[in-house]
Amino acid sequence: MTSSKTSLPNSPKMEQHIRQALIAAAPDLFGAEINDTLIQFQQTRRDMEGDLTLVVFPFVKLLRCSPQEAGDKLKQWIESHIEGVSHCNVVSGFLNIVFTDAYWLEQLNQMQDQPNYGLAPANSKPTVMVEYASPNTNKPLHLGHLRNIFLGASVAEILRAVGHKVVRTQVINDRGIHICKSMLAWEKFSPVNARGERETPANTGLKGDKLVGKYYVEFDRALQIEAKAIMAQWQSGNFSDTPTAIEEAVLNFEKAKEGKDDKAVAALDDKIKELAKNQTAILQEAKEMLVKWEARDPQVYLLWTTMNGWVYAGFDQTYAQMGVSFDKLYYESDTFLLGKDQVMEGIKSDVFYQKPDGSVWIDLTADGLDEKLVLRSDGTAVYMTQDIGTAIDRFKDFPDLHGMVYTVGNEQDYHFKVLFLILQKLGYAWANNCFHLSYGMVDLPSGKMKSREGTVVDADDLMAEVIEKAKEMTQERGHLEGLDNAAREQLYTQIGLGGLKYYLLKVDPKKRMLFNPEESIDLTGNTGPFLQYAHARISTLLEKAAFGPTPLSLTTPMRPEEKEIIKQLALFGTTLEEAAKGYSPALLANYSYELVKLYNTFYQSVKIVIEPDADVRQFRLSLSAKVRQVLAQALGLLGVEAPQRM
RNA sequence: GGUCCCGUAGCUCAGCUGGAUAGAGCAACUGCCUUCUAAGCAGUAGGCCACAGGUUCGAAUCCUGUCGGGAUCACCA
């Protein structure tokens with residue numbers, strides 16, 4: 001347990017070194033063996049002198065003296081025994097250790113020699129599948145998808161950077177009643193042009209997913225109108241077209257409304273509305289269409305492939321703009337029947353049990369969860385059945401697969417908890433390597449996004465808007481001379497999307513976040529463009545200086561700002577590992593921001609290209625080059641591009 | 001009601017396995033471009049870390065409870 005905790009942010013190598021030296025010297029120094037946990041390092045406070053801090057308190061009991069005395073004793077020992085340590089100071093129970101400048105220069109020299117500094121060798125760790133973006137093919141992608149996709153894509157890159165082989169995948173929910181709704185609405189409502197064609201992306205110029213989404217909305221509109229008419233009939237006491245069971249249910253709900261508060265009445269009204277919707281002819285038609293689809297009715301199937309084809313073309317365009325891609329696609333239409341066999345097998349091994357009506361369940365009460373249905377009484381699959389089947393299938397598709405990451409919103413926390421538990425009980429050892437990368441909802445200042453109420457932020461629109469804004473701002477203040485039009489357009493895209501991605505990724509994925517449209521296109525402060533600007537500025541600087549790396553003299557004088565930067569650079573590897581372990585791009589975002597702030601302070605306070613002293617100049621250029629490289633690396637892992645100039 | 005997540009500056013967020021006086025950005029106010037990109041830098045102001053107990057030498061961090069916000073508990077997906 002404790003061995004995995006050895007590396008701490010602050011200069012991991014040195015920390016390790018001192019730790020081991022202390023343990024080895026313990027009998028002499030303390031008169032007893034000491035436990036590893038006694039040695040606690042932390043980062044030195046900014047306002048104190050020091051590169052690493054040892055907490056003295058744990059030693060106080062052992063040495064039976066005051067914190068000050070214990071600190072002094074440790075100080076003396078460390079100063080005289082540890083190479084690379086310049087001196088120490090003891091302040092109220094904390095031993096601040098200062099390393100020599102030569103130590104830090106040597107660190108930078110070593111970094112300079114590593115073009116892939118901080119990254120683990122490719123494919124040095126097992127294969128992991130990362131799933132993100134599980135769109136429905138009945139409507140376009142929106143802001144929520146953007147968080148999902150940027151998050152998943154970034155985590156995939158991060159896992160790759162720490163050495164995993166990664167398979168990026170998405171599930172496409174291409175079947176079901178919601179798909180039939182837009183299909184039906186298109187057949188019913190799409191106008192026919194002079195050539196006798198209904199609307200298509202080709203003859204309207206509309207993006208495929210937008211066109212299909214439009215008819216999904218049309219369906220809902222028609223449904224609402226019809227449902228309202230039915231409710232009006234019910235209100236007037238006319239139940240002639242209504243089955244008696246429904247009639248009774250409606251009357252019961254009506255009766256229950258008496259004497260209730262507004263909220264309860266509204267809830268009951270919703271239930272009545274649900275019943276009314278179920279009575280509509282248009283919903284019946286959609287259901288019939290679904291039945292036909294399942295029976296592979298050629299006409300319905302053709303319509304389905306055609307319209308889904310439009311949607312995929314639209315999605316591809318959106319993904320291309322987002323700069324994300326996938327290695328393997330799973331279509332729900334291929335997988336929705338999976339899982340039943342495993343459930344039947346599971347009954348035999350007593351993982352599941354069957355009720356008299358034929359439905360199959362699992363009892364998870366012993367694990368603190370509920371009983372959960374895994375197969376309906378009519379033998380058809382539920383969502384869970386399918387997920388069990390697909391998970392198992394994926395491990396068959398990729399025999400060297402070690403684990404999976406599902407990027408899915410936190411409203412499904414419970415579902416995945418159950419899913420992983422079931423897989424475990426079915427005896428799949430890899431179930432322990434499955435992780436639900438759960439992220440919080442994206443709220444708007446106006447509240448929750450709701451498609452019904454039209455408060456959804458469309459992904460394409462948002463990206464276009466953000467790029468347009470980047471264009472305006474760049475034309476205002478950018479350094480674009482010598483760039484042709486194509487390069488300029490590319491730059492606007494890099495800045496706009498970079499800002500958007502960074503904005504969505506800098507927040508802890510687990511947390512629900514507020515999307516403020518104005519802040520998302522900000523260029524100052526903790527933003528993507530701020531980091532990109534730093535990168536561009538260093539790039540032109542290095543170009544101007546015609547920089548080439550050479551070994552640095554260990555006697556080069558060093559300023560505190562410069563040392564801070566080397567320290568931050570030294571943290572890159574551990575930060576990356578933590579980001580991978582915690583599936584959190586936000587850690588890398590914050591790291592990069594911190595690095596750039598340190599660099600900017602340095603940049604504003606010294607000369608670099610025009611520095612007269614050759615050693616100092618080379619040192620500052622080398623430092624700049626490493627910051628640029630680590631920054632580009634970190635931004636890359638966030639999916640943010642790093643422009644050469646802006 | 002059960003379960004899970006969240007509550008840190010006016011706003012949006014950091015704060016790692018408990019550690020020194022709780023940090024940024026935005027918004028407000030001051031300064032700094034005839035030296036390398038000012039999309040920058042330096043500074044001022046702003047906090048009972050929701051509240052109350054507990055554990056500890058030491059708590060924003062761990063435990064319990066209370067209050068607020070959200071999610072989820074379908075033979076929906």
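Numbered from 1 within each chain, the chains take letters A, B, ... in sequence-line order. Basis for what follows: all heavy atoms, side chains included, without hydrogens, waters or symmetry-related copies.
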Heavy atoms under 4.0 Å is the rule here; annotate nucleotides 18-25 of chain B 5' to 3' with B where the base is hit, S where only the sugar-phosphate is, and - elsewhere. -BBB-SSS
Given protein heavy atoms under 4.0 Å, the one-letter contact record of nucleotides 71-77 of chain B, with B base, S sugar-phosphate only and - none, is simply SSS-BSB
Using atom [atom1] of [X] as one end and atom [atom2] of [N] as the other, report the distance to the nearest whole Å.
| X | N | atom1 | atom2 | result |
| --- | --- | --- | --- | --- |
| A/Y502 | B/rC13 | OH | C1' | 11 Å |
| A/Y439 | B/rC5 | OH | P | 19 Å |
| A/Q604 | B/rA39 | CD | C1' | 12 Å |
| A/L542 | B/rU37 | CG | C1' | 13 Å |
| A/E578 | B/rU17 | CD | C1' | 10 Å |
| A/H436 | B/rC4 | NE2 | P | 16 Å |
| A/L523 | B/rA38 | CG | C1' | 13 Å |
| A/L541 | B/rU35 | CG | C1' | 12 Å |

Quote, to the nearest angstrom, the [atom1] distance that separates [N] from [M].
| N | M | atom1 | answer |
| --- | --- | --- | --- |
| B/rA50 | B/rU61 | P | 8 Å |
| B/rC67 | B/rC51 | C1' | 7 Å |
| B/rA24 | B/rC73 | P | 42 Å |
| B/rC26 | B/rA39 | P | 13 Å |
| B/rC49 | B/rG15 | C1' | 11 Å |
| B/rU3 | B/rG47 | P | 37 Å |
| B/rC48 | B/rA22 | P | 12 Å |
| B/rC57 | B/rG65 | C1' | 26 Å |

Does A/K355 qualify as a cation-pi partner of A/W361, given the criterion of NZ or CZ under 6.0 Å from the six-membered ring centre and within 45 degrees of its axis?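 The answer is yes, since A/K355 meets both limits relative to A/W361.
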Do NZ/NE/NH1/NH2 and the carboxylate oxygens of [X] and [Y] come within less than 4.0 Å?
| X | Y | result |
| --- | --- | --- |
| A/R645 | A/E481 | yes |
| A/E519 | A/K506 | no |
| A/E15 | A/R19 | yes |
| A/D47 | A/R45 | yes |

Which nucleotide, [options], lies nearest any side-chain atom of [X]?
| X | options | value |
| --- | --- | --- |
| A/H479 | B/rU37, B/rA42, B/rA39 | B/rU37 |
| A/T601 | B/rA42, B/rC13, B/rA14 | B/rA42 |
| A/K544 | B/rU37, B/rA39, B/rG15 | B/rU37 |

Can you find a heavy atom in the side chain of A/L621 that is under 4.5 Å from one in the side chain of A/L542?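 With C-beta onward as the side chain, the pair touches.
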Counting the atoms with a prime plus P, OP1 and OP2 as sugar-phosphate, which does [X] contact under 4.0 Å by heavy atoms, base, sugar-phosphate, or nothing?
| X | result |
| --- | --- |
| A/V606 | base |
| A/A534 | nothing |
| A/N600 | sugar-phosphate |
| A/S605 | nothing |
| A/L514 | sugar-phosphate |

Could you walk me through whether A/N148 and A/T407 pass side-chain hydrogen bond (donor to acceptor under 3.5 Å, both in side chains), step by step? CA-CA 7 Å; A/N148 177 308; A/T407 313; 5.2 Å; no
Plane angle bin for A/F435 and A/Y583 - parallel if under 30°, tilted between 30 and 60°, otherwise perpendicular: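 Taking A/F435 first and then A/Y583, their aromatic rings lie parallel (interplane angle under 30°).
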Anything under 30° is parallel, anything over 60° is perpendicular, the rest tilted; go ahead and classify A/F57 against A/F94.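 Because their plane-to-plane angle is over 60°, the rings of A/F57 and A/F94 count as perpendicular.
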A/I608 vs A/V507, nearer the 5' end of RNA chain B by closest nucleotide: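 The answer here is A/V507.
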Go through the side-chain N and O atoms of [X] and [Y] and say whether any donor and acceptor fall under 3.5 Å apart.
| X | Y | answer |
| --- | --- | --- |
| A/T524 | A/D522 | no |
| A/Y593 | A/T527 | no |
| A/D174 | A/T137 | no |

Under-3.5 Å N/O pairs linking protein and nucleotides 6-10 of chain B:
none

With syn defined as a glycosidic angle within 90° of 0 and anti as the rest, where does B/rC57 land?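 Anti for B/rC57; the angle lies over 90° from 0.
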Strand RNA chain B as a dot-bracket string - pairs counted if Watson-Crick or G-U with both distances under 3.5 Å, | where the partner lies in another strand: (((((((..((((.....[...)))).(((((.......))))).....(((((..]....))))))))))))....
ring-ring contact (aromatic ring centres under 6.0 Å, His included) with A/Y603: which residues, sequence neighbours excluded?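 Applying ring-ring contact (aromatic ring centres under 6.0 Å, His included) to A/Y603 gives none.
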May I have the step-by-step check of ring-ring contact (aromatic ring centres under 6.0 Å, His included) for A/F515 and A/Y503, ending in yes or no? CA-CA 9 Å; A/F515 183 86; A/Y503 182 80; 5.5 Å; yes
As an exercise, state the distance from CD1 of A/I422 to CG of A/D367, rounded to the nearest 0.5 Å.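 Result: 10.5 Å between the selected atoms.
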Between B/rA14 and A/N590, is there an OP1 or OP2 to side-chain N/O distance shorter than 4.0 Å?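 No, outside the criterion.
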List the residues meeting side-chain contact (heavy atoms from CB on, under 4.5 Å) with A/Q386, not counting sequence neighbours, and say none if there are none.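 A/Q386: side-chain contact (heavy atoms from CB on, under 4.5 Å) contacts with A/E332, A/T335, A/F336.
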